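Keep in mind that what you see is a predicted model, and the values were worked out from it rather than measured. To find a chain, count down the sequence lines: A is the first, B the second, and so on, and within it residues start at 1.
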There are 2 protein chains.
Amino acid sequence: MKKPKVNTMEELAEAIGVSRPTLSRYFQSPELVRRTTSLKIQRGLAKVEYVPNFFATRLNRKSTGIIGVIIPYLNDLFFSNLLECIEIAAMEAGYSVISKCSHSDPTIEAGAAESFMSMNVDGVLVAPLGNQSDADVHQRLQSRIPFVLVDSRPATMPDVDFVGTNHVQSTGLITEYLCRVGGPPVFLAMPRVNFNALEREKAYIAKMNELGHKPTVIGVQPVENHWHFEAHGEAVLSAHLARGQLGNESILCANDRVAIGALRAAARHGLSPGRGREGGLRIAGHDDNPLCPFTVPALTTVAQNFEAIAKASISRLVAIIRTQVAGGAAQVQLFDGELKIRESA
Amino acid sequence: MKKPKVNTMEELAEAIGVSRPTLSRYFQSPELVRRTTSLKIQRGLAKVEYVPNFFATRLNRKSTGIIGVIIPYLNDLFFSNLLECIEIAAMEAGYSVISKCSHSDPTIEAGAAESFMSMNVDGVLVAPLGNQSDADVHQRLQSRIPFVLVDSRPATMPDVDFVGTNHVQSTGLITEYLCRVGGPPVFLAMPRVNFNALEREKAYIAKMNELGHKPTVIGVQPVENHWHFEAHGEAVLSAHLARGQLGNESILCANDRVAIGALRAAARHGLSPGRGREGGLRIAGHDDNPLCPFTVPALTTVAQNFEAIAKASISRLVAIIRTQVAGGAAQVQLFDGELKIRESA
DNA sequence: CTCCCTTTTTTACGTGCGTAAACTTTACAG
DNA sequence: CTGTAAAGTTTACGCACGTAAAAAAGGGAG
């Protein structure tokens, strides 16, 4: 049952009885050799155990066929979903992806970038940390390899390709919905871990002003940069309710995880959010976390189209790779959010 | 501001004014060259932009310093947490990790394994899919590289190093708790995506028999292998309650995500699970998903010690790598679960 | 200044495969 | 059977670095 192990293409060529360059061509694409030799090679491969050396393969190629992906944080279903879609899109585009997680540490992010550069990856997709991200790292990446930002865009890098959600639209959409169906919402901010936090906040304020309402933001934490969104949401709303607010407001949370914490706070105060009761407490989120349909009550939110974002970012990256327009005009693609009306608002 | 780009060590050696082998030694460890030359090299490095080629570096080395990690599914906070801990543990052990996600597809899992073998990784950590996993792939991995299984262990591979949770203990623990504090629980099974599903089920049955109660399992789906645990939990419990069960049972769910679905079903039937009411509905989970403290009611569960699992698996893998005992006696390490009593049971 | 040891340089080869050019074989039509 | 194009082989070089051995340079003690 144990097949003899063959370590190099040279040995393999000898074992099968073809020349090494022919083998090389076969591995690049079996159609490049004659049908009969192709079969001969296939039969030979079935008889031995051989895997071409990854490093040797990439060492002397113009293109490595690798796309590097840097994600800030994995313990968040939004990012794991996004990453999954990105990997699948890249696979379909014929690239293999190597993904690294920053663990919300700029040093690790920089290391990942360094590592990708040293691998001569064909391109890099980065979902950046917030202000913590080292701007120099992004600069270097951009000047060396095809480079696209996803999800969140540092204000310091205006001329970079970017694919993300149109937060003005998405946040505006749910703000407008909340105003239309009930009282104008208060905005429960999230820790400023990235630039989307601020973008949503600003979008909320703009839409409120547009509709002639007075915007109110609670839960701003300029200093702390943590990812304990649920605890943040619960603490802020709990304090808010304890301060004597009667719980007949609409609360728009900066994201679903904050909203889940808020739902919890409401429940602890004996309140049951929902759009049914006129004037009652309502809570809405943002992102359409997979758990939203299962919270009690099910969370009304606005979905980010991360599938489209993933596909678009990969296809943009591939376009840059193909045409080598490293210095071309930066392209910004923003996708609309979609309202998911459930029970909580 | 722009530093001149240096592509090869040779160019770098010339630019700095030392020989290439000296540089090579410096990069392996700066202590290997004289203090003065070390400083000279450092000053030189500061003046140019140079990153050593990753592939060339690994091509001709006995050890690549890479650990490959294969995870079955990323859109689950348990696995993303586990992966995070594994990455950090490996980092601390001086290895860089490359992680691949199977996306619950045996073909992708096999491809990832292939890829790791072609990279001559020093070792591989695999959290396998269930019965879907290709046993041959694991066999090949084991016969070629240091190899450790994590989280779930195929019954077909008894003589492999394994690190995971002691489900007999953990499930027994919560079963015993539920029996002690209220009525003996019904077990709400999860889709059989891996072997843990069955292990927990068996552990529940064993503990119930031990305590002299009649075990009851609902929600078994032998065919479907999906990861929509919440929907599964909601559907099963909803049907169960609709069948006229009065909702005064204890429900032990196979994992927290199933339990979150069950909580939802309970809420829709007007029931509010909790240990407070004598004889009322109680719902418990397994895993201690990060969201458990924030569900309504907060979910009572039993935590897996994934931090310990991650550390132990990496340290076991490193031990195998160091001693080259590929054929040594397989070691199984099981970690106990810890009861997390909250509100739901 | 000389001897001896340490550090560095020179030189050379190896890693596994891509790739190009020149040459030889094979296939098929005429 | 012959000519020609396609397919295959041989040969040779390159990729960027690891590594070993020999030769040269440096540094301190006597």
**Request:** Check the distance between D/dA16's C1' and A/Phe54's CZ and give it to me in whole angstrom.
**Result:** 16 Å

**Complete:** Rounded to whole Å, CG of A/Asn120 lies from P of D/dA16 at a distance of 8 Å

**Prompt:** So, are A/Glu14 and A/Arg20 salt-bridged, with charged N and O less than 4.0 Å apart?
**Reply:** no

**Message:** Can you tell whether the side chains of A/Lys311 and A/Glu92 come within less than 4.0 Å, N to carboxylate O?
**Reply:** no

**Complete:** By side chain to side chain contact (heavy atoms under 4.5 Å, CB included), B/Glu11 pairs with (sequence neighbours left out) B/Val6, B/Asn7, B/Thr8

**Message:** As a test of reading the structure: which of D/dC17, C/dG16, D/dG18 is closest to the side chain of A/Thr8, going by heavy atoms?
**Reply:** C/dG16

**Prompt:** Atom CZ of B/Arg61 to atom P of D/dA16: distance rounded to whole Å?
**Reply:** 17 Å

**Request:** Quickly work out the A/Met119 CE to D/dA16 C1' distance and round it to whole Å.
**Result:** 15 Å

**Complete:** Applying side chain to side chain contact (heavy atoms under 4.5 Å, CB included) to A/Gln331 and not counting sequence neighbours gives A/Asp161, A/Arg316, A/Gln333

**Fill in**
Residues passing the ring pair (Phe, Tyr, Trp, His ring centres under 6.0 Å) test with A/Tyr73, sequence neighbours excluded, are A/Trp227

Show me, pair by pair, the donor-acceptor contacts under 3.5 angstrom made by side chains of residues 110-118 of chain B, not counting sequence neighbours?
| from | atom 1 | to | atom 2 | distance (Å) |
| --- | --- | --- | --- | --- |
| B/Glu114 | OE1 | B/Arg140 | NH1 | 3.3 |
| B/Ser118 | OG | B/Ser115 | O | 2.9 |

**Message:** Nearest whole Å is fine: how far is C/dG16 P from A/Met9 CE?
**Reply:** 13 Å

**Message:** Please report the distance, rounded to the nearest Å, between CZ in B/Phe55 and P in D/dA16.
**Reply:** 12 Å

**Most 5' of A/Ala56 and B/Asn60 on DNA chain D, judged by nearest nucleotide** = A/Ala56

**Message:** What is the distance, to the nearest angstrom, from the CD atom on B/Glu11 to the C1' atom on D/dC17?
**Reply:** 13 Å

**Prompt:** Does anything in residues 19-44 of chain A reach DNA chain D, meaning a heavy atom under 4.0 Å, and if so which residues?
**Reply:** A/Ser19, A/Arg20, A/Pro21, A/Thr22, A/Arg25, A/Val33, A/Arg34, A/Thr37

Let me check something: any side-chain donor-acceptor pairs from residues 83-90 of chain A under 3.5 Å, sequence neighbours excluded? List them with distances.
| from | atom 1 | to | atom 2 | distance (Å) |
| --- | --- | --- | --- | --- |
| A/Glu84 | OE1 | B/Asn75 | ND2 | 2.2 |
| A/Glu84 | OE2 | B/His103 | ND1 | 3.2 |
| A/Glu87 | OE1 | B/His103 | NE2 | 2.6 |

**Item:** First of B/Leu59 and B/Val18 reached from the 5' end of DNA chain C, by closest nucleotide
**Value:** B/Val18

**Asked** In whole angstroms, how far is the C1' atom of D/dT10 from the CD atom of A/Glu10?
**Response** 12 Å

**Prompt:** Would you say a side-chain N or O of A/Tyr50 is under 4.0 Å from OP1 or OP2 of C/dC17?
**Reply:** yes

